[in-house]
Amino acid sequence: MKVKDKVKITIDGKEVEVEKGTPLGKVFELAGIKDALGGKLGDRIIDLQTPIREGGQIKPIYRNDPESLEIMRHSLAHIMAQALKELYGTTKVHLGVGPTTEEGFYYDVEVEGHRITEEDLPKIEEKMREIIKRDYPILRKELEREEAIKLFEELKEKYKVEIIKDISPDDVISVYQQGDFIDLCRGPHLPSTGKAGAFKLTSISGAYWRGKADQPQLTRIYGMAFWTDKELRQRLRFYEEAKKRDHRKLGRELEFFLIDENVGAGLVLWLPRGSIYRKVLEDYWKEEHLKRGYQFVYTPHVGKSKLWEISGHLECYRPNMFPPMEMEGEEYYVKPMNCPFHIAIYKSKVRSYKELPIKLAELGTVYRYEMSGVLHGLMRVRGFTQDDAHIICTPEQVNDVIRETLDLALTVLKDFGFEDFKIYISTRPEDAIGSDEQWEVSEQALRKAVEDLGYSYEIDEGGGAFYGPKIDVKIKDAIGRLWQCSTIQFDFNLPERFDMTYVGPDNQKHRPYMIHRALLGSIERFTGILLEHYAGLLPVWLSPTQVRIVPIADRHVEYGRKVLKALEELGIRADIDERDERMNAKIREAELMKIPFVLVVGDREAEGGTVAVRSKKEGNLGTMSVEEFISFIKEKIERKE
RNA sequence: GCUGGCGUAGCUCAGUCGGCAGAGCGCGGGAUUUGUAAUCCCGUGGGCGCGGGUUCAAGUCCCGCCGCCAGCUCCA
């Protein structure tokens, strides 16, 4: 045997030399590695049957490694496909693709002569368990292209044949077989079906073949899978928890907002309770911006088509805009963005470098046409209010401006109770406009700002818009979900298009930098996130009603009103439940409305000038004097608890 | 927009094979005057999403539209 047919492999610091093409399982055996389910070769996860053709580092994957799940889920996708074929006929089921997901797997399939519904899922699950019990060995085979095409043509796997034809000639075509089920697959897979973990088929939906709308639509069957039942149940509980927190449900129960089909899909009606919360949020937002030298502007909801032509929106953004309306021979569009208006304000006079940076802010309501299928409560709507601002500055100011903006974003998000952030910087894409210098200066400013503030970040290389780089901030909510809120974005396009200038110290005209930014994103979406984060129990400072007074009997109403007045005079949002109901019913009502504090007043309180305080979070706190309660709640409000 | 599922009272939901539209909560009235999550009684409330069709008869079957939900795709 020639030396060049051997490959050198390093595993856990140990070197072994094996014949080229030796399966990984055998390699592990030689290296004395037991119980591994696969290995990681570079970024690729491979299974025990994969032949090793090149040398290098291989990291064994054991059941405890997160990568092992990928192997197992992949095999479950095959087990599901096999189950479908056994149930509906080998040549009737046409398989699409069956990858793993973050928590499980799915398979896109087409079943001739049967429409798969959710009701079929238990039946399919049962068949899968049967196949797992049969503990078929899962065997890898490599085939020649022609051989593979012939095989899958015989199996009536039209989609698989299509995939094979697209596989590059340099790549190996592999299939995996378990029992009499055989599937085109790169792997990795478990050694046998019996090794699969706990799973549940969760849902079903349509998905286009190759994700393209002009292709046939297949049925996508989703499964969730973990090694143990416990982990699976935990994940299912997470969904139940998420469901309980659903802002659409909370929004109705807490009377925050309404979406009325007679008004229109994706158009939000803010109810009084939601509106008072929103006012508090907006007041806070404005204060924070005033402190940092922002100037507020108000701009109209519609503008002439010319404006959108110059901005380029009609060219690039039209599918997302509401159609035009005609007036006096002129076309007007409802605004999908505020930028052109802010630019018009900037341009309304000659600007000197001495007045830069100029920061124009607006809670600007914009309208975007979103496809009906993507609308979702407050999270995805057709009319929403951006907490928008445009900062126009000189190149020298870019660093300070970005740092200050990011700092403001994080300060605001922290004040709303978010502590966990993920920061992403997106850099220059292929087909970008703007000079090298502009990109260099801007990307540098973004990095420096995050570093100065002591945060880590991820770079999305080439992920910026064609007109500039950006920072996005995602927040982690109480159940670990990430939501994108803040975005700080350079724009090299609009200053050019609108010919924005400022006069520099050299008395010449210069092109300013423009930064577009939103901190919360949109008020609607942010409200949805807040409601879900807090499961409806907002911090006291944001609660529509901060205090409810509950008189025990009619004769206590008078005293209750006195307490109410004392609170109201200090700007505390309070009300009194004077209904002819029992105290328990009133307390229950307050609990359901998630009112942070209930003050029970009866004979004892009326006599002593006190209140019996019940906190939504902590239950009965006992008796306090009215003054004590006031300073107690005032402090919580100030500290944004 | 596409695929699948769904649409019955303000809310949550029953309604069988096509045969007189129901419950609880809510709301109104009355009784009751209460100590930390639902007091009792009486009453009120529905062109069954909208529009067509089949039928002696449609909440139920068929077609079209609107909306909602889960995805695909896309995004604040």
Side-chain angles (χ1 to χ4, degrees), chain A residues 101 106 108 110 115-119 202-222 239 243 246 248-249 252-253 255 258-266 317 319-320 336-338 364-388 472 483-487 489 516-529 550-557 579-593 598-605 612-616 619-623:
Chain A
T101 61
Y106 66 81
D108 286 348
E110 183 178 275
R115 177 179 291 162
I116 303 232
T117 64
E118 308 247 349
E119 277 145 39
T202 50
S203 64
I204 210 162
S205 78
Y208 298 112
W209 169 235
R210 310 208 139 168
K212 288 191 188 125
D214 56 349
Q215 295 284 336
Q217 188 144 11
L218 309 181
T219 306
R220 176 167 297 179
I221 306 175
Y222 282 92
Y239 279 107
K243 205 172 167 187
D246 191 323
R248 294 167 296 187
K249 183 168 163 271
R252 188 174 50 239
E253 287 170 359
E255 296 175 13
L258 186 77
I259 294 171
D260 183 337
E261 66 171 286
N262 294 314
V263 172
Y317 207 74
N320 286 295
M337 292 185 193
N338 303 302
T365 303
V366 297
Y367 293 86
R368 298 182 187 175
Y369 173 75
E370 298 285 356
M371 290 189 291
S372 60
V374 306
L375 300 175
H376 180 86
L378 292 179
M379 302 293 195
R380 198 69 188 277
V381 293
R382 286 182 174 157
F384 60 97
T385 303
Q386 289 182 307
D387 65 320
D388 204 3
D472 291 325
W483 301 94
Q484 199 207 302
C485 292
S486 310
T487 181
Q489 184 141 18
H516 173 104
R517 44 114 285 187
L519 310 183
L520 309 175
S522 87
I523 306 285
E524 286 75 7
R525 184 177 139 90
F526 190 72
T527 299
I529 295 169
V550 170
I552 291 176
D554 286 352
R555 64 177 182 280
H556 309 122
V557 166
R579 289 176 307 160
D580 181 14
E581 269 297 349
R582 295 182 62 196
M583 181 197 65
N584 275 316
K586 295 181 186 179
I587 287 173
R588 182 182 147 85
E589 166 94 353
E591 287 281 340
L592 291 175
M593 291 306 283
V598 170
L599 302 183
V600 176
V601 293
D603 289 333
R604 297 202 288 268
E605 288 73 19
V613 182
R614 181 189 162 102
S615 144
K616 166 80 186 142
N620 198 339
L621 296 182
T623 304

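The basis for the numbers below is simple: all heavy atoms, side chains too, and nothing from hydrogens, waters or symmetry mates. Note that the structure is a prediction, hence the values are computed from the model and not measured. We name chains A, B, ... by the order of the sequence lines, and we start the count at 1 in each one.
If you check every strand for non-hydrogen atoms under 4.0 Å, A:Arg579 touches nothing. Looking at heavy-atom distances under 4.0 Å, A:Arg252 makes contact with sugar-phosphate atoms alone, never a base. Residue-level contact check: A:Lys243 touches neither bases nor backbone, having no heavy atom under 4.0 Å from any strand. Note on A:Tyr106: nothing from the nucleic acid sits closer than 4.0 angstrom, heavy atoms only. Heavy atoms of A:His556 sit nowhere under 4.0 angstrom from any nucleic acid atom. At the heavy-atom level, A:Val550 lies nowhere under 4.0 Å from the strands shown. In this structure, A:Gln489 reaches neither bases nor backbone, as no heavy-atom distance under 4.0 Å exists between it and the strands shown. Among the protein residues, A:Arg555 comes within range of the sugar-phosphate backbone only, with heavy atoms under 4.0 Å from sugar or phosphate atoms but none that close to a base. A:Leu520 comes within contact range of no nucleotide atom at all, as no heavy-atom separation falls under 4.0 Å. If you check every strand for non-hydrogen atoms under 4.0 Å, A:Asn584 touches sugar and phosphate atoms only. Across all strands, A:Asn320 comes closer than 4.0 Å to no nucleic acid atom at all (heavy-atom distances).
Under the stacking criterion of a centre-to-centre distance below 5.5 angstrom and an interplanar angle below 30°, A:Tyr222 is not stacked against the six-membered ring of B:rG71.
Pair assignment for B:rA57 gives none, since no Watson-Crick or G-U wobble pairing has each distance under 3.5 Å.
Looking at every heavy atom in both residues, A:Val613 comes nearest to A:Asn620 through O-OD1, 3.3 Å.
In textbook terms, a nucleotide whose glycosidic angle is within 90° of 0 is syn, while B:rG15, being further out, is anti. In this structure, B:rC17 shows a glycosidic angle within 90 degrees of zero, which is the syn conformation.
Listed nucleotides B:rG1, B:rU34, B:rU36 differ in distance to A:Val600; the shortest reach to its side chain belongs to B:rU36.
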